[in-house]
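Structure record follows, encoded as structure tokens.
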Amino acid sequence: MLSIALYEGPAERRDSIFQRHEAIIISGTEMAKHIQKEIKQGVESWISLGNRRPHLSIILVGDNPASKTYVRNKIRAASAVGICSELILKPKDVSQEELLDITDQLNMDPRVSGILVQLPLPDHVDERTICNGISPEKDVDGFHIINIGRLCLDQHSLIPATASAVWEIITRTGIQTFGKNVVVAGRSKNVGMPIAMLLHTDGEHERPGGDATVTIAHRYTPKEQLKIHTQLADIIIVAAGIPKLITSDMVKEGAAVIDVGINYVHDPVTGKTKLVGDVDFEGCHDNEHLNISRKHAETSRFSNQMNLLRRKLALSLQFQEVWDP
């Protein structure tokens, strides 16, 4: 049976469920609320020690509607946990040099705890250059080359948000990764790669990993080859951006599937655009041998909330244990 492993109940109940491979329905929204509460308490504790309230600076370039929505949600999430934020708007024809000047100023500003440049950027701007222009200790997206390097070396760092969300899902629900087979569908440097790094690395290292055997698939992996890998997998994490990439016949009984794909497709029934993941949940529902624990729409909302809250948690603590000599 197929289960997306998100569970909020007692540990004893959780353990018995996973031992029996029983499909479960869990509220990702409730988990996000719990994490938000934890972060809010962390922020207030930080301030009570005499520290400055964390401050997030967001740079938004152009008028991409999706980017505007993401930024609005990030500002709202920051406010909910007691973090100050500011939005710096620049036109789509802004030069790369001007953006670097802005990040330089924010890097030197002691009141700024974290910096986030909303991606994607216009074609004439090199995203890697801009991401590397942010001080590693203020890089709340975790995209700076130093943070990525520390992640790959199993050292504490600011971890890209979606990878952090997946790790939280796995650890908070008690999914066992030690010695398990994992397939990560998607090799992006911001999602697939950091997820794979977290899961395959040594659990005894400075930044503990999952001790799993990880296979990374990508757009050039033939579908029939992908199916061979997924049928052997105990955990499947899908972040490829391809609707219905994973179907019910590709998943073995008892496997856990975490879908972080976000795709907007045309709904022929309503004539409207709808949000779907990379897993064919509707097809899986028609398979009597598979039980789906929750719909992708809720998974996506949870993942997005988790991403924002993890970033704010990094800000609230300012990761002093990482950067203090």
Side-chain angles (χ1 to χ4, degrees), residues 1-7 18 21 23-24 26 28 31 142 151-152 159-201 203 208-221 223 225-263 276-281 284 290 292-307 310:
M1 112 192 69
L2 176 67
S3 62
I4 295 184
L6 295 175
Y7 180 61
F18 281 107
H21 304 300
I24 52 177
I26 303 143
M31 184 182 285
L151 170 67
C152 294
I159 299 171
T162 303
S164 291
V166 170
W167 185 253
E168 288 286 343
I169 290 170
I170 289 172
T171 56
R172 286 177 180 258
T173 55
I175 299 177
Q176 297 300 308
T177 60
F178 186 89
K180 300 297 184 179
N181 288 321
V182 178
V183 168
V184 178
R187 62 178 178 181
S188 72
K189 299 300 181 285
N190 301 339
V191 181
M193 185 275 287
I195 288 174
M197 293 304 302
L198 287 171
L199 286 169
H200 94 271
T201 48
D211 284 312
T213 300
V214 179
T215 299
I216 302 177
H218 48 77
R219 60 181 173 176
Y220 296 123
T221 303
K223 187 67 177 286
Q225 192 68 32
L226 175 62
K227 183 176 180 179
I228 293 173
H229 291 301
T230 58
Q231 287 179 333
L232 296 173
D234 303 297
I235 303 169
I236 303 172
I237 301 167
V238 199
I242 303 175
K244 298 185 178 182
L245 175 65
I246 303 297
T247 52
S248 61
D249 61 318
M250 301 173 69
V251 185
K252 75 175 184 179
E253 181 177 352
V257 176
I258 300 175
D259 185 359
V260 295
I262 298 178
N263 308 287
V276 300
D278 292 348
V279 176
D280 180 15
F281 282 108
C284 290
L290 297 178
I292 308 302
S293 62
R294 47 202 307 279
K295 296 180 181 179
H296 174 75
E298 186 177 356
T299 306
S300 296
R301 288 196 299 271
F302 166 73
S303 181
N304 289 339
Q305 279 186 284
M306 180 78 82
N307 293 350
R310 290 288 295 175

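All values below come from the heavy atoms of this structure, side chains included, with hydrogens, waters and symmetry mates left out.
In this structure, the side chain to side chain contact (heavy atoms under 4.5 Å, CB included) partners of Tyr220, at least two apart in sequence or on a different chain, are Arg187, His218. Scanning for side-chain hydrogen bond (donor to acceptor under 3.5 Å, both in side chains) contacts around Thr201 gives Arg207, with sequence neighbours left out.
By the 4.5 Å heavy-atom criterion applied to side chains, Thr177 and Ile170 are counted as neighbours. Using a 4.5 Å cut-off on side-chain heavy atoms (C-beta onward), Val183 and Val238 make no contact. Side chains of Cys152 and Met193 form a contact here, defined as non-hydrogen atoms less than 4.5 Å apart. Side-chain contact between Leu226 and Met250 is present, with at least one heavy-atom pair separated by less than 4.5 Å.
For the atom pair CG of Leu199 and CH2 of Trp167, the computed distance is 6.0 Å after rounding to the nearest 0.5 Å. Note that CG of Asp211 is 12.5 Å distant from NZ of Lys180, once rounded to the nearest 0.5 Å. Atom OG1 in Thr215 sits 7.0 Å away from atom CG in Asn181 (nearest 0.5 Å). The line from OG of Ser164 to CD1 of Ile195 is 9.5 Å long, rounded to the nearest 0.5 Å. A distance of 5.0 Å separates CG in Asn263 from CG in Asp278, rounded to the nearest 0.5 Å. To the nearest 0.5 Å, atoms CD1 (Ile235) and OG1 (Thr230) are separated by 14.0 Å.
The shortest heavy-atom contact between Thr221 and Ala217 is OG1-CA, 3.5 Å. Taking both residues in full, the closest heavy atoms of Leu198 and Ala163 are given as CD1-O, 3.7 Å, listed atom of the first, atom of the second, then distance. Heavy-atom minimum distance, Ala233 versus Ala255: O-CB, 3.6 Å. The two atoms that bring Ile216 and Gly186 nearest to each other are CG2-O, 4.0 Å, heavy atoms only. Leu245 and Ala185 make their closest contact through CD2-CB, 4.2 Å (heavy atoms, listed as atom of the first residue, atom of the second, distance). The shortest heavy-atom contact between Asp259 and Gly277 is OD2-CA, 3.3 Å.
The list of salt bridge (charged side-chain N to carboxylate O under 4.0 Å, His left out) pairs with a residue in residues 227-236, not counting sequence neighbours, reads Lys227-Asp249, Asp234-Lys252.
Screening Val166, Val257, Thr162, Val214 against Ile237 for a side chain to side chain contact (heavy atoms under 4.5 Å, CB included) leaves a single residue, Val166.
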_Derivation and outcome, side-chain contact (heavy atoms from CB on, under 4.5 Å), residues Ile236 and Val251_ = CA-CA 8 Å; Ile236 303 172; Val251 185; 4.0 Å; yes
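Counting heavy atoms of neighbouring residues, nucleotides and ligands inside a 6.0 Å radius, atom CD of Gln176 does not exceed 12 of them.
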